[in-house]
Amino acid sequence: MPSLKERLQSFLNGDNVVSRLLGKAEAKTGIRKYYLATGSICSLGLYLVFGYGASLLCNLIGFAYPAYTSIKAIESPDKKDDTLWLTYWVVYGVFSVVEFFSDLFLFWFPFYYLGKCCFLLWCMAPFSWNGSQILYKRFIRPFFLKHHQAVDNVVRDLGGQALSTAESVTRGAGAMIHFLENEKQK
């Protein structure tokens, strides 16, 4: 299995957006792509630990690229990439709900945003064993298959109650308008 350095070198020598951008920076500065990449990664990591606005940066990383790639997936004829990004968004949604309740406590840990950013990058990584695939297959899908009937029943009942409430409000509003029109004519 290749080392992390070898995988990074392979990625930086491949044909991708990051490699092209770093290639342009290398041509202008004379600093090798590998050093530019590792320096950028270290700077980002330090900023996520010590910087102001680390939450915003982390959320942008977890949202901007996946949203862009999801739009590209929707527009492509291949449906495999649609499933890949839908899986990411399901995991992202579950993570966001869990984070909402635990953020009050986790926020105080110094490496929280660095860990969160690493987690989100793992979930969107372009390989078959990325975090969203693993978490979906091991936890979310089994939970969904076990409980989806009960959730469907609750949603159906809530939908019926919402429709009934809307009809009552509409009837009440109609009666109020009729009453006001009668009072106006008097």
Side-chain angles (χ1 to χ4, degrees), residues 1-4 6-8 10-12 14-19 21 37-38 40-159 162:
M1 185 163 165
S3 70
L4 183 60
E6 291 169 343
R7 288 188 286 179
L8 179 61
S10 174
F11 176 75
L12 294 175
D15 184 28
N16 56 62
V17 175
V18 175
S19 179
L21 287 172
T38 54
S40 298
I41 291 168
C42 290
S43 297
L44 177 65
L46 287 171
Y47 184 80
L48 287 171
V49 173
F50 300 111
Y52 179 75
S55 174
L56 175 64
L57 178 63
C58 192
N59 288 329
L60 281 174
I61 290 169
F63 180 80
Y65 175 75
Y68 171 75
T69 311
S70 296
I71 292 169
K72 284 179 63 174
I74 291 168
E75 297 300 323
S76 77
D78 184 19
K79 295 302 170 195
K80 185 178 178 187
D81 55 358
D82 296 358
T83 303
L84 181 78
W85 287 106
L86 278 172
T87 305
Y88 172 81
W89 289 113
V90 167
V91 171
Y92 184 84
V94 170
F95 174 73
S96 294
V97 170
V98 170
E99 183 188 35
F100 175 78
F101 292 106
S102 62
D103 193 38
L104 182 63
F105 305 108
L106 295 176
F107 169 76
W108 294 102
F109 288 102
F111 298 105
Y112 173 65
Y113 290 115
L114 179 62
K116 177 182 173 181
C117 189
C118 290
F119 170 77
L120 292 173
L121 288 170
W122 176 57
C123 285
M124 69 176 89
F127 39 77
S128 62
W129 49 273
N130 69 22
S132 58
Q133 297 296 317
I134 291 172
L135 294 172
Y136 180 77
K137 288 175 183 171
R138 286 194 185 161
F139 301 104
I140 296 171
R141 186 173 188 271
F143 182 84
F144 171 78
L145 293 175
K146 184 176 180 182
H147 300 287
H148 76 90
Q149 292 292 348
V151 173
D152 288 346
N153 291 336
V154 168
V155 169
R156 187 176 42 252
D157 292 346
L158 287 174

Under a 4.5 Å cut-off applied to non-hydrogen side-chain atoms, are P66 and Y92 in contact? no
Could you tell me if the side chain of D81 sits less than 4.5 Å from the side chain of T69, heavy atoms only? no
Are the aromatic ring centres of F63 and W89 under 6.0 angstrom apart? yes
Pair F95 and F119, ring centroids less than 6.0 Å apart: yes
Point-to-point distance, once rounded to the nearest 0.5 Å, from [atom1] of [X] to [atom2] of [Y]:
{"X": "H147", "Y": "N153", "atom1": "NE2", "atom2": "CG", "result": "13.5 Å"}
{"X": "E6", "Y": "L8", "atom1": "CD", "atom2": "CG", "result": "11.0 Å"}
{"X": "L135", "Y": "C123", "atom1": "CG", "atom2": "SG", "result": "5.5 Å"}
{"X": "R138", "Y": "Q133", "atom1": "CZ", "atom2": "CD", "result": "12.0 Å"}
{"X": "E99", "Y": "N59", "atom1": "CD", "atom2": "CG", "result": "6.5 Å"}
{"X": "D82", "Y": "S76", "atom1": "CG", "atom2": "OG", "result": "5.5 Å"}

For L114 and L46, run side chain to side chain contact (heavy atoms under 4.5 Å, CB included): C-alpha distance rounded to whole Å, both residues' side-chain angles, the deciding distance at 0.1 Å, then the answer. CA-CA 8 Å; L114 179 62; L46 287 171; over 6 Å; no
Carefully, step by step, assess V18 and F11 under the rule side chain to side chain contact (heavy atoms under 4.5 Å, CB included). CA-CA 9 Å; V18 175; F11 176 75; 3.9 Å; yes
Between W85 and Y65, how do the two ring planes meet: parallel, tilted or perpendicular, split at 30° and 60°? perpendicular
Kindly give the heavy-atom pair with the smallest separation between [X] and [Y], and that separation in Å.
{"X": "T83", "Y": "T87", "answer": "O-OG1, 2.7 Å"}
{"X": "S19", "Y": "G14", "answer": "OG-O, 3.0 Å"}
{"X": "M124", "Y": "G62", "answer": "CE-CA, 3.9 Å"}

Polar contact flag, side-chain donor to acceptor under 3.5 angstrom, N130-S132: yes
